[in-house]
Amino acid sequence: MSAESAVRRIERTPPAEIERVRKWIFTEEYREKNFARQALVVNPAHACQPLGAEMVAHGFKDTLPFVHGSQGCASYFRSTFNRHFREPAPTVADAMTEDGAVFGGQNNLFEGLENAYSLYKPKMMAVFTTCMPEVIGDDLTAFIKNARLQGHIPADFPLPYANTPSFNGSHINGYDAMLKSILETLSAGHQSQGGDNGRINLIPGFDANTANYREYKRMLKAFDVPFTLLADISDAFDSVNDGTYRPYPGGTPLEEAAEVLNGKATLALQKYSTVNTLKWLGEAAQGTVESLAMPIGIRNTDAFLLKLSELTGKPVPEELKAERGRAVDALTDGHQYLHGRKFALYGDPDYLLGLVGFLLELGARPWHVLCSRTTRKFEKEMKALLETSEFGRGCTVYINRDLWHLHSLLATDPVDGIIGDTHGKYLARDHSIPLFRVGFPIIDRINLHRLPLIGYTGTLNLLTQLANRFLDIQDETCEDQWFEMMR
Amino acid sequence: MSAESAVRRIERTPPAEIERVRKWIFTEEYREKNFARQALVVNPAHACQPLGAEMVAHGFKDTLPFVHGSQGCASYFRSTFNRHFREPAPTVADAMTEDGAVFGGQNNLFEGLENAYSLYKPKMMAVFTTCMPEVIGDDLTAFIKNARLQGHIPADFPLPYANTPSFNGSHINGYDAMLKSILETLSAGHQSQGGDNGRINLIPGFDANTANYREYKRMLKAFDVPFTLLADISDAFDSVNDGTYRPYPGGTPLEEAAEVLNGKATLALQKYSTVNTLKWLGEAAQGTVESLAMPIGIRNTDAFLLKLSELTGKPVPEELKAERGRAVDALTDGHQYLHGRKFALYGDPDYLLGLVGFLLELGARPWHVLCSRTTRKFEKEMKALLETSEFGRGCTVYINRDLWHLHSLLATDPVDGIIGDTHGKYLARDHSIPLFRVGFPIIDRINLHRLPLIGYTGTLNLLTQLANRFLDIQDETCEDQWFEMMR
Amino acid sequence: MSEKIIPGITTERTEKLIAQTLAEMPEKARKKRQPHVGANEPEASVCAVKSNRKTVPGVMSARGCAYAGAKGVVWGPIRDMVHVSHGPVGCGYYSWGTRRNLVQGVPGVTSFAMDFTSDFQEKDIVYGGDKKLEQLLREADALFPLNHGLSVLSECPVGLIGDDINAVTKKMEQELGKIVVPCNCEGFRGVSQSLGHHISNDSIRDFVIGKRSFDAPATPYDVALIGDYNIGGDVWAAKPILEEMGLNVRATWTGDGAIEEIAATHQVKLNLIHCYRSMNYMCKVMEEKWGIPWVEYNFFGPTKIAESLRKIAALFDADIQAKAEAVIAKYTPMAQAVIDEYRPRLEGKTAMLFVGGLRPRHTVGAYEDLGIQITGTGYEFAHQDDYDRTAPEMAKGTLIYDDVSEFEFERYVEELKPDLVGSGIKEKYVFQKAGIPFRQMHSWDYSGPYHGYEGFRIFARDIDMAINSPTWKLIKSPF
Amino acid sequence: MSEKIIPGITTERTEKLIAQTLAEMPEKARKKRQPHVGANEPEASVCAVKSNRKTVPGVMSARGCAYAGAKGVVWGPIRDMVHVSHGPVGCGYYSWGTRRNLVQGVPGVTSFAMDFTSDFQEKDIVYGGDKKLEQLLREADALFPLNHGLSVLSECPVGLIGDDINAVTKKMEQELGKIVVPCNCEGFRGVSQSLGHHISNDSIRDFVIGKRSFDAPATPYDVALIGDYNIGGDVWAAKPILEEMGLNVRATWTGDGAIEEIAATHQVKLNLIHCYRSMNYMCKVMEEKWGIPWVEYNFFGPTKIAESLRKIAALFDADIQAKAEAVIAKYTPMAQAVIDEYRPRLEGKTAMLFVGGLRPRHTVGAYEDLGIQITGTGYEFAHQDDYDRTAPEMAKGTLIYDDVSEFEFERYVEELKPDLVGSGIKEKYVFQKAGIPFRQMHSWDYSGPYHGYEGFRIFARDIDMAINSPTWKLIKSPF
């Protein structure tokens, strides 16, 4: 229609109508309508595959993540990490444009590899794709082979690569794909012929809490057992400020990772973000390969330590036993501030499983559990977990629903607290429910990734944050006559 | 006057009069009147000596604090500790009553020692006084000598004792007096004739944050140097829950403490709470005796580690250097949330000095610094500290003023945040200023004593708490149009 | 009630337990402690357990002092007075905000739940504190002009150095034109906080009551609520029930109390007393001097509440009686819903108590309403009349302990293995470390109210939470 | 401005620095980068630095994509539309709330700063997404009925699989009776976000402008504010100044914008453009089609603000001119107070910039107002006309860099040692690790506004805070 034919005066929405809709979106009727939608997604709680691929790449020493595809994607991933960690996230892209879309991205890849290798002097580049080359069908295997043959990159330079289409799964799948490729690449030709080397491979999975990695390392060191953390982002995303910028301030040493198949055992602390990696390891590795729930809460941590004890043949160290005792003490002391409180949670499957375990053992109720991109398997596992406790009764799991669905749930069936990443702050505000920032990304508070949430220390931290926030609220909202010195 | 002659009808205060006074107490006029008072103390921020004596006693292994005086005092001290730590605080009293006031408390002491020794099986009892025996002039030296002579207690059983009159100084002086007596008692006859034993004696001072003690130990262990922490309350007041109650779950081993005079050096991290102990050690000990500022903030922690490095001849461990770098990084990242913010602080002298150092190096302003019982020396030292920084300009130190004085200061010259113990919550509420709970006692939140405030880790924790609370407030109080995803 | 029996609890077992425990004590202490512990005999007219004696030195008692009884219990809850802790800083500091006697009013303007102290220094000990006190009272009245009175609570040194606070308060009452009360409650007086209650009651008798008259016309239904300290809002849960049955509650002693209402209480028709221990003195004074009858009642749990309402109503006319029945009829379904929810989760559990005031006996019925039986109880600072009132409430052979030492209490609990211990902050963490669920029964563990029908709902929830928290299952480590 | 000189900055030094830096790059990359870097020549009529070329693969660029330019810059700030990120989940997710284009309205009711996406799955790639899009728009309109329009922003796959979103939006505009706009801003198009701005401008031209008329009578003073995205509230600091000088700001493009006001902007008398880069296209379209003149202005710092107000006023009558002078007279003392406070703390400092849009040149004056000189500047996605406008603002010999790679930028900063770097989030922590104070100059580092007089106060405070924070002194370890 032409502009002229359609000229009509600006219409302003009457205040009464605004008021009507403002109330309406909190109704049961709206909730039904909202849950009936099939095409529209509003405020999802998941990112796309290449972001996960980039994160795992940062976890290896001297490794440069390399985005094959649009430059803009790389900027989005990087800035997301920059904001969450408040740290650099050096990553290059081969900046494909229209001609790439027509002719494929091989030339971009060649030139990109050459420049990145020369300028940023990595020891490994981890290549992963955005949706553009995925849609046009770029053949990375061939491209990389050609790059070596044509001398764009030394023949022996490690170039793991992963297809990480954004229209499939979420960031945790990209994490998995890239991790598998890195380990395959590095371990090629390193399979020992003798027995295992006694090391434990530990895979935390997609976890943007750097303190968790340090906590894993501390626990393993307490066992005094050789281990390899795959992939260790803790120094990459929580590095010192001593006046010198270093693009690769840490990460799993490549030589260590190369020995992954020779370890005594591999233990993943997330299973949904490591499916294919574990599958491959299960086939290729000498040692046992297992996954456990993320060690959030007492029992999940117990299970982790028991497993370490079993794998190493060593007792759980006294220092960790004492930590357990102190964390349990804090829980018994603090349970009254959380018992029976209802929570809404959203985030990645493995985080959700860990957190729900913790809430249940505290007598709190994980009332709405939402994962915006996951599988029926997860739904089933979460339901089974909820059924293990009387505090799981009445709690509901929602998969492939988004935060606008959660908006309706909170409007019609409210809770006491929300646990999730920064994106939930609008829910928190709309419903006057505190948000406990856990997960990724957290881009409106500082340092939260520097406080561990796993292990007994993490359990203590979670307890402290939850209970004290409720006490803050009580003190802030009560009338004078209920305002008290003690709580 | 007789009741009958005075019968008058109940008078109710008119609402307008209430409103007038409600506003009046926030005025400059009121502040002047308030600061003019000379006899009345309202809401002091200090406790009495024996409380400090009890705390230090809990820091020694198998030691039972023993209150010579009123039973009620012991209950007050114990419940204060119970509430702050949410832990047991086993302490006995010899429960003097009127007859004690008349005849002196020797018999109570005899019987008390006998019963406590028999029932609670301590290896040491630390005896300290309430004001009653102080006023009547009980001679503890003679009493304890008599107790041994008459067989109420074995002749060689360690019975340090301290006069801790409540009408003099505050809890930090009681801490000092009891610590000195314990060390004198234990070290008697243990002075080595050879050289020093290479150990570092570390005295944290009156600090009710158990995590700080663990942090001291962690730092010293990183130096790999033998040390004795005097007095280590960390396990006494943060013990495991494993289903067994233990009255003495930790503390400095008595044999270790007995060697205090033979150490290579003694380092106190508080000086106002260790004046007499250090004076005595300075005379009696072989090694050097020094005090440093509480290691809160980067520079204070630097000074502590440099001193350890100097004393041990070892470089600062890499692990601590890395922690420093990460904490500094967090400060540079986070400074914008705290730069220029004004704070009111109250508490013990040494805590205040540490905290003020931290605020200044962050660009925050310790606007009102108040200590309700201290010396001119402290006032002078604090003023000098404020003068070291442009951010100390305009800041004021108040000594021997109380929290009701602070009420007037906040009413007429407000700040952005208050730092102090639970007792400041009324100020926080009256003036709508957030309270950051630091110090003793904290009886309305959980676990805060389990989060270290000293060292680089503590600096990070303080930064996180302060900055994120301000961000919470911004998010909670802004209008919709200023509510944002990022902060 | 004599038919109460708890499986496994027998007089023999209890006496054996006592004997074994005391056997571990030194001779002299054992002899002193022996009379304070016994197996319950519900039908004994006089309870055999002795009380209100000096605490044995060195045994770790939970008792407080006379000052604690005066400040924490009687005076502190009066909202519109400035209560001065006269002496060194500690007593006022420790008791500041640590008893949950909630108050209405504007803090610092019309209510004063703060810490006023003379913060004695050496020179005050040497030269005496009377002059300072005089100036202090003047300053306090000037800075907090809407106070309706000032109390001066002596700490240990005051009595020892020979100060005369009574002269000072008398002078200042004249000068300030407000009620100014001296209370010689030095901590060394008596054997426990109980004497502090008594001394305070005497101060009210001598310096307060009768000094005011109510500002509303008298009615036949004027009552005072005595011995409810509004812990966690108890008064606010209790008073409305009495009002709903037609009574005019003219004064509350002393929870959320107003000093002038207390001063006019000699005009009421009946005193209703909840905490007999701390305030029976005043009921007796008012009975003797003004002929006001008094009646004890119990507002814990629906059984006792209904009993109490009927007992109170019986002292009034048919109208009040009808209204009392209406109140019971109205709230019983609510209480039954609470029982239906929690009793299945608590049935057959046992608890042991050790508290102060009225709770060791008064709360028994509330536990029983929930299916919980009390296997042991005792008081920090009771007298014989408390124990006499306790015996019939408890099952035969249950353990009764007076001023129990921590040493004994631990052993009793270890043997009887209750599912819950209800006691104070000093005991809480001892038993929690032993893996035993615990509720603070002085402070309602920062919850409450526990009085009245509303309180019962909260009490039930809290007890269930304590006993059934899954955190207890975490204590046993798998390694 | 040609007399600007910065001590130590010479053309020779700068050219040497460039040569040394580029020498470290591979041959091909060096050749590509060479034209994009140069020493400033203030008096050159055409800036020698080339721009708007493809990013060199593998050099670590800060650039975004066409989608980013369309969603983040042009469309996102329009408050009353549902902006659909059409394609896989990531693009909408990353751009959700991460540009600080503040909006008025009731969130979720009348304003929609949320993430609407079709969250493409494999099957959408295979079978196409047009049908899904149609249903999606219908659902969005039903769930957010007070929207005044919907935009569909294509992500990479959409263009590649041959979807026809224009057909869908045309159909849905008919069906929904609202403005429904297609924007073919696939991320692979063009070399940077700049093409996204252009494509979006074209969409406005083709599908928005002229579709509405204002609901108030026209006046000679009707203007539109173009190219202010209300970062940190910039529009709210800028618009009142223009109104105070007598202009009627009928529409803001697009910060806190309303789509129907944008659609009626062809009726204004003058377009005021701040961010020339992103919106000059539309100014030219309105000039050509409706004869609306346009003028560039600069609201950073009092010097440029006063210049701009006079320049704008000159296009109106004497009344407006007088009011403009009154505005300047009113605010200049405030600005001077800011300068008096901060300039002594900042005098002689230097800064380097690398940002997008208008800031690399527009903010220079504001720094200079504070005594800070800019030793280097450059753009992420500028065109020749941007650099031509930049050269006169910068001192002779200063470093100009286009689409600078992190590799180069690090070396330039290392050599020139500025006291501050003003750039984006991806650069921030790189330079902070090197101990260099930094402010994000895309997002005002979560502060703002920086526009107008109010903004200058905040800008000055922030720059002082960054440069003079004592935390920088902590970086050097004593061990």
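Just so we're on the same page: letters track the sequence lines, and every chain starts at 1. Values below: every heavy atom of this structure, side chains too, minus hydrogens, waters and symmetry copies.
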Under 4.5 Å from any heavy atom of chain D, what part of [X] do you find: side chain, backbone, both or neither?
X: B/Asp329; value: side chain
X: B/Arg487; value: backbone
X: B/Phe483; value: neither
X: B/Ile298; value: side chain
X: B/Glu484; value: side chain
X: B/Leu360; value: backbone

How close do [X] and [Y] get, counting heavy atoms only, and between which atoms?
X: D/Leu474; Y: B/Val328; result: O-CG2, 3.9 Å
X: B/Arg324; Y: D/Ile475; result: NH1-O, 3.5 Å
X: D/Pro470; Y: B/Leu362; result: CG-C, 3.9 Å

Checklist entry - Salt bridge check: are B/Glu390 and D/Arg345 linked by an N-O gap of less than 4.0 Å? => result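 Salt bridge between B/Glu390 and D/Arg345, a charged N being under 4.0 Å from a carboxylate O: yes.
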Checklist entry - By a 4.5 Å heavy-atom criterion (distance strictly below it), what part of D/Tyr429 contacts chain B: side chain, backbone, both, or neither? => result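 Interface part for D/Tyr429: side chain.
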Next on the checklist: If I measure from the heavy atoms of chain B, does D/Asp445 come under 4.5 Å with its side chain, its backbone, both, or neither?
Outcome noted: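 For D/Asp445, heavy atoms of backbone and side chain both lie under 4.5 Å from chain B.
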Checklist entry - Between D/Trp236 and B/Trp482, how do the two ring planes meet: parallel, tilted or perpendicular, split at 30° and 60°? => result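 Perpendicular.
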Next on the checklist: Please identify, among B/Lys321, B/Gln481, B/Glu479, B/Met485, the residue contributing the most non-hydrogen atom pairs under 4.5 Å to chain D.
Outcome noted: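 The answer is B/Gln481.
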